[in-house]
Every structure is written in structure tokens, then in C-alpha cells.
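All chains are named by letter (A, B, ...) in the order of the sequence lines, taking the proteins before the strands, and each is independently numbered beginning at 1.
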2 protein chains.
Amino acid sequence: MNHDPVKRLPGWATMSDVAHAAGVSLMTVSRVYKNPSAVSAATRERVLNEGDRLGFVPNMLAGNLASGRSAMIGIVVPSLRNSNNANSIQGMADRLRQASYQFMITNTGYSLDAEALAVEAFIRRRPDGLVLTGTRHSDETYALLRGSGLPVVEVWETEGPIIDMATGFRNREAGGEIARYLIAQGYDRIGYVDYPVPGLRRYEARRDGALDALRQAGLRADIVVSPLSTDVTEDTSSFRGGTSGLQQLLDAGGVRAVLCASDLLAVGVMFEAQRRGMRVPEDLAVAGFGDFEIAAEIPPGLTTIRTQGYQMGWAAADMLISRIEGLPIDTEIKNVDYALVKRGSA
Amino acid sequence: MNHDPVKRLPGWATMSDVAHAAGVSLMTVSRVYKNPSAVSAATRERVLNEGDRLGFVPNMLAGNLASGRSAMIGIVVPSLRNSNNANSIQGMADRLRQASYQFMITNTGYSLDAEALAVEAFIRRRPDGLVLTGTRHSDETYALLRGSGLPVVEVWETEGPIIDMATGFRNREAGGEIARYLIAQGYDRIGYVDYPVPGLRRYEARRDGALDALRQAGLRADIVVSPLSTDVTEDTSSFRGGTSGLQQLLDAGGVRAVLCASDLLAVGVMFEAQRRGMRVPEDLAVAGFGDFEIAAEIPPGLTTIRTQGYQMGWAAADMLISRIEGLPIDTEIKNVDYALVKRGSA
DNA sequence: TTGTAGGCGTTATCAG
DNA sequence: CTGATAACGCCTACAA
């Protein structure tokens, strides 16, 4: 009697088991779990009881194979430790859960090659859609996505050519807005601390917007430092970047105000100012970008641009779901709002 | 622009397609992609060429169904925004990637019911293993796990009964160690700011360890505040908790030193002290827990316990992989090291 | 080294 | 509302 193949997942009850136990066909069980309203209340009850009794949990791998849909999304982010990113991931997670999708996630460490590998690894699992960070990708990534025909949302940047859909905000505008605020406050020598990771459009845009504003106001737009621009890794401390950024600015002749590409850099600047006995904002005004949680807490409060990471993530998931389910989409490119938040630092 | 729902069976090339094109059997193609060394170099070359030409990407859903293995892990965390957690997730991600596993992740908002739902949702996808946070779970979760027979690692706590395997560190011991350090520094009235989320063993243990140490030194062990203990959500600001924690301690008669259940609380305390013109450590000593990135940056440096979240996550993934692949495991319970880090704040 | 047969657990389809 | 049948794309086991 040893004709049965060895079971690799022993113990799992299957739909057949439940069907037998409940005295119905396979399809009825399937319907009970996928589309309960298509089954009479009585049979549904009976099937569910037997299912529970047998500890039946539907095997989605099998279902996905049969249906060609996986209810799974792949999300590619540069870093899992970036708290700014965490907000957008949470936004996606909440929207996806609401629609009964799950997600895989992977980080690339800001490497486009790693991104391509991640995308291929995801595609092997036949997700229903993909979320990528930024609008700059390797040729291989583009080829894979083209071949897959999958819905794709790019997040955080709406600059640059879009693959399919994108959510983000106007980085350039936002950079201009906070720079103009500093200018309006009467600060003259304004320095810019750029993001430590080079080549990201969103940071380039926000810097260029700021520098343009300075130029238009007739101010110097060349007091720019890129802390840690060598030897950058995913784990490069942004706080430390602010620290060395301020050092560099002071070495270069000093500034009256510092505009930073992210709040964490700004906090690093403020810490360094504190260490040097410089008062914020009296001796040095500081502005950040992102409105991270700490911005509201650090004395005297960090003036910054609030970006709506959570809403952006939610919108990204929402667009993806719409496309997957064939619903109409208003725009392929959705910009969420940002807002200047004035606090004590500038 | 395509508003049609995702089509069943899009134009994916299958192994048969590749097999036909290369003039070999299905199994040869399968081997080329799963176990290349089992195929002659010549055929392998030919198959890979055809595969590339056809844009073939293996369908793991089908493979998983056939093999009963998914190379997929489910990770359940309370919050995706907790930066401490992020380190352990990164540790898992790196170890998993190394072994070609992918992961799904979901957050529970500290709800045990949400955890049970998440576990069931994961099980439907037949992961090879599961990672849970903490050692306290609902009966339903226990039942699901028992029924699944899946390898499980619990992380961050090794206190309490273990389901299968666990990684963490000795929270109680660590709490005692940092308390004893404060005592040795000569501080007498020492207050404790507890974690805002109630019912988590790891925080209870670290608090109890600290209070025991105070008692043994003959000091008061009842100056404990639980900021924000009502109306807690996943997004409760830990900084704000530190702020209100210090307020409460001062209202309750003041303290010479504050020990906090997490670095973020400690940073909140330091910010509030700064606002009140209290000097750290001269007027108020502060100690944290976790050695978050900010601890080294905030002046005058935060004395804290370094917990190795990354290593813990790596170890968790490592144990899980070992169990999945039938390799021996030294211990079911693996404690990673922690270390007292002395900085300027206490 | 390569091929054949059978099945993994579910869903689409169409008939009753 | 329920059921029979045929995929879905790949892998295990065994044979050649």
C-alpha cells in the first residue's frame, strides 16, 4: 500500500477533506471561502463547521496558481530603517490590508542593481503589482517591468519619466517654498546641507528649488555642502551628516541660516550648534524637510516642510489596487500636499 | 493606458515554452533554473538563452505548490514605524536574502487580535516559517500555530513560555545593570519612565529589573510614571511620552535621575529638561534603553543600554532557516549581548 | 545527463 | 444554488 507519494506538508486539511466531511463538492467549499453569498446559508454553515473542525486554512498558493491573481504586492524601498519611509509603508500597509492584499518588501541600500534583483525576485512570485521608490531605475529593471506588464507605482518622486503611475509631491516647489520663507525672515547668508546619498532626483529637485529661490532673491546660492558624500551606505547616519555639514559650513566662512535636505540632518545641525554654544535661532537659524516626529519635539521646534508620507503611501496602494481591479484612475501622477511648518528654529 | 483588470494568464512564457524552444524536456528546464549543476553546460547554455529570449521568469507559485516549500517567511511586528524594530527587521532581511528567502511583513498595532488575523493571513500563503514579536499571544494565535506545525521564532523577549524558538536579550538583567550604574554614580532619587504601551513582557522585565536594583540599594523604587498610559495607539509619540514623563516626575516631588524604558523617552526627557532650563547631567541625570542612533548624537550623549537589534534579527532568521532546512540548532532560546554605554547624560 | 508520469490544491467554466 | 471537469505551471520520483 505504499503508492501514496510522501506528503510534504503533512497535516494540512484540503478542500477535498472539507468537501467530503461536509458531503458537498469541492466547488461548494471553494465558494464558501471565496464568495460565501453564492452558497445557501445552510450548506455554508455546514461547510464552515467542518472546515473549522479540520483546521482547514485555504492554500492561497494553489488558489493563486489557478486564478492567476495573487493579492500580493511587492514593495521596493532603499532602506528599511528610514523613518520617513516608514510612514509611507504604513500608509500602503493600511490601504492594502483594507483591500485584503498582503505585501512583500525588500530594501536595496540605494543600489539600482539591487533593485533589479529585487524586482525579479518579486516577479517570480507573480505579484499583482509593484511599488518602487523614486523614478530612476536600471535598464534591467525597466526591461523586467515591461516584460511583466505589471501595474507599477513609483513613490516619493513625480519628477522624471514615469513607468506607469506615481505618487509624491513637488519637491522642487517645496524646496523653493522653505527657502523663500528663510529669505522672508531676513536671513542673508543661507547654507544648504544636501542629502548624503547622491543621485536621487527627489533630493536634487528639492535642492535646486531652494537654490533657485536664493538666486532669485539675489542671494548666494553656492553655499552648499554634501556631508559624507563618500563612503555612503544605507546606514549612514543622517544626524552625523548634519554635524559635519555644519562644521563644513562654518569652515567655509559661516552662515546665518542653514537649510537641510532632511529633518534628521537639521537635527544634527542643531545638536552641533548646541555643542558649540550657538543659539538657535539667534545665532543660527535652521530649517529641515519632512516634519519627522522629532521636529515638533526638539527645542525650540524645527521649522520644516511637512510631507505626507502616510497619505502618499495610502494613495500609492490605492492607485495600484484600482488598476489591478480595473477601476478608473483619475491621474497617473498624484501629488500629495506639503506644507510649511513654522516653529522656533527659523 | 490599460484599465482592464489583470488578465488571467497574461503573456508569461512558461517552462514548456522554453523547453520547446530549446528542444529539451520540461524537467531539463526546471533543473537549469533550480539546480543548474545537474545539467550539462551545453544544454544549460541553450536553455538559458531561450529563456532570456522569451523573457521567462519562473513562476514560484507553481513551484511552491508542487514542492510544498515557499522560501517565504512571515514577519509580524507591532509597528512598522518603530526605529528600534527596524534594525531587527533589517537583520532578518539580510540573513533571509542571503539564503534566498523573501518575507511578508505586517503590523498589529500592539493588538493580539490583529496578530491572530495576521498569522492566519500568512498561513494561507504557506510560508516556511514565522517570526512573531514578543511572547504573549492570543489563544487563537497559539491554535493556528499549533495546527500549522510551522517553525516560529519569537523576538525581543525570551521571558515567558516559548512556542518554538526565541531570540532576545535579558531585559531584566539589562534593566538592573543600568539602574546599578546610576546608583553607583551616586544618584539617590531615581525615577523611572515606563513604556507607554502596557502589557509587554520585555518592558515589564526591564522595569522590574531596574526597580529591584533600586530596592537592593535601599533606594525608593516607587517613583515610576507611565506616560500616556491611556489612549495609546501605535503612533503614540515616544518623545512626547518623555516630555510628560518628566513633568509628572517633577510634579511628584522631583528626581535627581531618570531612567527611561527607551531612548526615545529619554530624548523626550532631555528636550523637556532643556526647555525648563535644567542642565543634563548637573541638574538631572538621564539614562535610556536601546542605544538608538540619536543617543550618540544628542548633547551631551545619552547613557543607555545597547541592544543588538540587528544581530537579534539576524539570529532569528538564522534559527528559522536552520529549522526549515533541517539543520541542527544549538539552543531554542538565543540571547544576544547587550552593553552599558556610558555617555554624558548620566 | 535527460525524460516520463503523476500530482500539488485551488479556481474558471459550463452544465444541471 | 450545486457539481463535474479541466486547467494553472512546476516539481518529486522514478525510469532510461
Side-chain angles (χ1 to χ4, degrees), chain A residues 2-47 51 54-72 123-126 128, chain B residues 5-47 51 54-72 123-126 128 148:
Chain A
N2 291 332
H3 293 291
D4 292 345
V6 176
K7 287 221 158 193
R8 283 164 299 267
L9 287 175
W12 280 116
T14 70
M15 278 196 175
S16 313
D17 297 333
V18 179
H20 278 125
V24 295
S25 79
L26 211 55
M27 270 318 295
T28 299
V29 180
S30 175
R31 288 189 185 102
V32 166
Y33 285 92
K34 277 217 75 178
N35 184 16
S37 62
V39 177
S40 76
T43 26
R44 186 169 54 219
E45 200 68 16
R46 190 150 35 95
V47 168
L54 296 171
F56 173 66
V57 180
N59 183 335
M60 285 186 79
L61 295 177
N64 297 162
L65 181 61
S67 70
R69 294 225 15 228
S70 62
M72 182 75 138
I123 289 181
R124 288 169 128 86
R125 303 210 185 247
R126 299 297 189 267
D128 289 338
Chain B
V6 168
K7 293 277 182 12
R8 189 168 188 276
L9 311 187
W12 282 112
T14 70
M15 278 196 175
S16 314
D17 297 333
V18 179
H20 278 125
V24 296
S25 79
L26 211 59
M27 269 318 296
T28 300
V29 180
S30 174
R31 289 190 185 101
V32 166
Y33 285 91
K34 276 218 73 178
N35 184 18
S37 63
V39 177
S40 77
T43 22
R44 186 169 53 218
E45 200 69 16
R46 191 151 34 94
V47 168
L54 296 171
F56 172 66
V57 180
N59 182 336
M60 285 185 79
L61 295 178
N64 298 163
L65 182 60
S67 70
R69 293 228 11 229
S70 62
M72 183 73 133
I123 290 181
R124 287 168 128 85
R125 304 213 184 247
R126 300 296 188 266
D128 288 339
S148 76

Met60(B) atom CE is separated from dG9(C) atom C1', nearest whole Å, by 18 Å
Checking Asn59(B), Val57(B), Asp17(B) against Trp12(B) for side-chain contact (heavy atoms from CB on, under 4.5 Å), the one that qualifies is Val57(B)
Can you tell me if the side-chain N/O atoms of Ser16(A) get under 4.0 Å from OP1 or OP2 in dG9(C)? no
Ranking dC10(D), dG9(C), dT2(C) by distance to the side chain of Ala66(A), first place goes to dG9(C)
Using OP1 and OP2 only, check whether a side-chain N or O of Thr43(B) sits under 4.0 Å from dT2(C). yes
Comparing nearest nucleotides in DNA chain D, the 5'-proximal residue of the pair Ser37(A), Arg126(A) is Ser37(A)
Value for OG (Ser70(A)) from CG (Leu61(A)), rounded to nearest 0.5 Å, stands at 10.5 Å
note: Trp12(A), atom CH2; dG9(C), atom P; distance rounded to Å ~ 12 Å
note: Leu65(A), atom CG; dC11(D), atom C1'; distance rounded to Å ~ 12 Å
In whole angstroms, the gap separating C1' of dC1(D) from CZ of Arg46(A) amounts to 13 Å
Rounded to whole Å, the CG-P distance (Asn59(B) to dT10(C)) equals 17 Å
Separation of dC10(D) atom C1' from Arg124(A) atom CZ, nearest Å, is 13 Å
dist Leu54(B):CG -> His20(B):NE2 (nearest 0.5 Å) comes out at 12.0 Å
Could you check whether any side-chain N or O of Ser67(A) sits under 3.5 Å from a backbone N or O of Gly63(A), counting only pairs where one atom can act as donor and the other as acceptor? yes
Output for pair (Met15(B) CE, Met27(B) CE), nearest 0.5 Å, gives 8.0 Å
Whether the side chain of Arg31(B) engages the backbone of Val39(B) through a donor-acceptor N/O pair (distance < 3.5 Å, no angle test) should be reported.
no
Residues of residues 23-35 of chain B with a heavy atom under 4.0 Å from any atom of DNA chain C, listed by number, are Val24(B), Ser25(B), Met27(B), Thr28(B), Arg31(B)
Sorted by chain and residue number, the side-chain contact (heavy atoms from CB on, under 4.5 Å) partners of Met60(B) (sequence neighbours excluded) come out as Arg124(A), Arg125(A), Asn64(B), Ala71(B), Gln102(B)
Rounded to whole Å, the CD1-P distance (Ile123(B) to dG9(C)) equals 16 Å
To the nearest angstrom, the CG-C1' distance between Asn64(A) and dC8(D) comes to 11 Å
